[in-house]
Amino acid sequence: AQSVSQHNHHVILSEAASLELGCNYSYGGTVNLFWYVQYPGQHLQLLLKYFSGDPLVKGIKGFEAEFIKSKFSFNLRKPSVQWSDTAEYFCAVKTAGTYKYIFGTGTRLKVLA
Amino acid sequence: ETGVTQSPTHLIKTRGQQVTLRCSSQSGHNTVSWYQQALGQGPQFIFQYYREEENGRGNFPPRFSGLQFPNYSSELNVNALELDDSALYLCASSSGTSDWNEQFFGPGTRLTVL
């Protein structure tokens with residue numbers, strides 16, 4: 001069965017620090033990959049997605065993620081975090097052509113001002 | 001444009017009872033997916049409805065059932081509630097079922113089963 005692992009459950013950073021959140025998935029076929037973010041008191045929203053092509057994808061608010069097929073990974077990065085990036089981040093995988101998203105357990109990021 | 005809305009916001013039930021949760025999809029969206037998010041976990045896919053038909057289902061027992069109406073709003077029904085059903089239930093809508101159709105999430109309904 002497909003699974004998604006997010007290695008860091010809680011991350012605390014100071015403003016301007018660099019961020020990298022790990023995500024690994026277990027399925028070997030064609031996948032669609034996503035990062036979602038949930039800011040305090042807000043809905044889950046899409047941060048970025050990868051379907052095919054350039055493995056380095058850019059999302060909103062300066063976030064980017066790199067798909068490394070050989071490592072089954074889709075890590076999220078941001079060069080310099082801001083206090084407003086405090087949120088919970090979820091990695092999700094979907095087998096291409098299907099309806100079922102598999103989410104990781106999430107990473108709570110706290111950015112100290 | 002109105003986003004995805006869910007009702008009620010919070011609900012408390014006792015074991016064995018039945019519950020109905022409601023979701024209004026975003027304007028123009030014909031596909032609704034339901035997720036269960038237990039505390040400390042990511043959302044788990046329950047099922048998806050497309051044009052009033054169940055389009056796919058996750059690993060949930062039959063006591064989890066749903067409906068989609070002609071206006072594409074949707075209901076999630078859970079019978080014979082168990083303590084482990086306590087969770088945040090999320091609804092997400094999209095304008096279709098293809099890989100390219102982004103899903104938009106609602107705020108969720110928090111269900112507590114005592």
Side-chain angles (χ1 to χ4, degrees), chain A residues 1-10 21-27 29-53 57 59-60 67 74 76 87-108, chain B residues 1-6 9-10 23-26 29-51 53-60 66 68 74 87-110:
Chain A
Q2 273 189 332
S3 65
V4 177
S5 297
Q6 291 185 242
H7 318 297
N8 316 100
H9 298 292
H10 292 90
L21 301 182
C23 173
N24 285 89
Y25 63 94
S26 63
Y27 183 66
T30 303
V31 293
N32 305 141
L33 298 159
F34 307 83
W35 276 96
Y36 283 86
V37 61
Q38 187 165 30
Y39 297 104
Q42 295 189 27
H43 308 182
L44 260 179
Q45 58 183 281
L46 184 66
L47 200 52
L48 49 78
K49 62 189 176 188
Y50 172 80
F51 286 173
S52 62
V57 292
I60 60 172
F67 170 51
F74 189 55
L76 181 70
E88 188 158 19
Y89 293 80
F90 293 92
C91 179
V93 174
K94 186 170 77 70
T95 303
T98 69
Y99 47 80
K100 186 177 175 182
Y101 288 72
I102 308 293
F103 282 80
T105 53
T107 297
R108 284 186 185 270
Chain B
E1 184 182 87
T2 307
V4 179
T5 60
Q6 293 185 244
T9 308
H10 296 90
C23 170
S24 290
S25 56
Q26 190 164 308
H29 287 186
N30 56 18
T31 305
V32 170
S33 298
W34 285 92
Y35 294 83
Q36 181 196 65
Q37 187 177 11
L39 205 60
Q41 302 296 315
Q44 273 198 289
F45 176 79
I46 302 175
F47 42 55
Q48 182 183 81
Y49 277 83
Y50 171 64
R51 292 186 175 179
E53 296 286 331
E54 187 180 293
N55 188 44
R57 191 176 184 93
N59 298 328
F60 281 81
Q68 189 178 32
S74 177
L88 181 68
Y89 288 85
L90 297 169
C91 163
S93 75
S94 60
S95 55
T97 58
S98 83
D99 290 344
W100 299 98
N101 294 124
E102 180 181 341
Q103 54 178 1
F104 293 83
F105 283 85
T109 293
R110 185 159 298 281

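Protein chains get the first letters and strands the later ones, always in sequence-line order, with residue 1 at the start of each.
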Quiz item: Say you draw a straight line from NE2 of H10(B) to OG1 of T109(B); how long is it, rounded to the nearest 0.5 Å?
Solution: 9.0 Å
Quiz item: Do you see a donor-acceptor pair shorter than 3.5 Å between the side chains of T95(A) and Q2(A)?
Solution: yes
Self-check item: Heavy-atom proximity to chain B below 4.5 Å, by part of F90(A)
Solution: side chain
Practice problem: Give a yes or no on this: more than 12 heavy atoms of other residues, nucleotides or ligands lie within 6.0 Å of atom CZ of R57(B). | Solution: yes
Practice problem: Before giving the answer on side-chain hydrogen bond (donor to acceptor under 3.5 Å, both in side chains), spell out for S95(B) and N101(B) the whole-Å C-alpha distance, their side-chain angles and the decisive distance to 0.1 Å. | Solution: CA-CA 6 Å; S95(B) 55; N101(B) 294 124; 3.2 Å; yes
Quiz item: What part of Y101(A) gets closer than 4.5 Å to chain B, counting heavy atoms only: side chain, backbone, both or neither?
Solution: both
Self-check item: Top of G106(B), S33(B), S98(B), G58(B) for chain A proximity - count of heavy-atom pairs under 4.5 angstrom
Solution: G106(B)
Quiz prompt | Q37(B) portion near chain A, given a 4.5 angstrom heavy-atom threshold | solution = side chain
Quiz prompt | Best-contacting candidate, G40(B), G56(B), S94(B), P43(B), against chain A by heavy atom pairs under 4.5 angstrom | solution = P43(B)
Self-check item: Contacting region of Q41(B) [heavy-atom separation from chain A under 4.5 Å]
Solution: both
Quiz item: Between Y35(B) and F103(A), is the ring centre distance below 6.0 Å?
Solution: yes
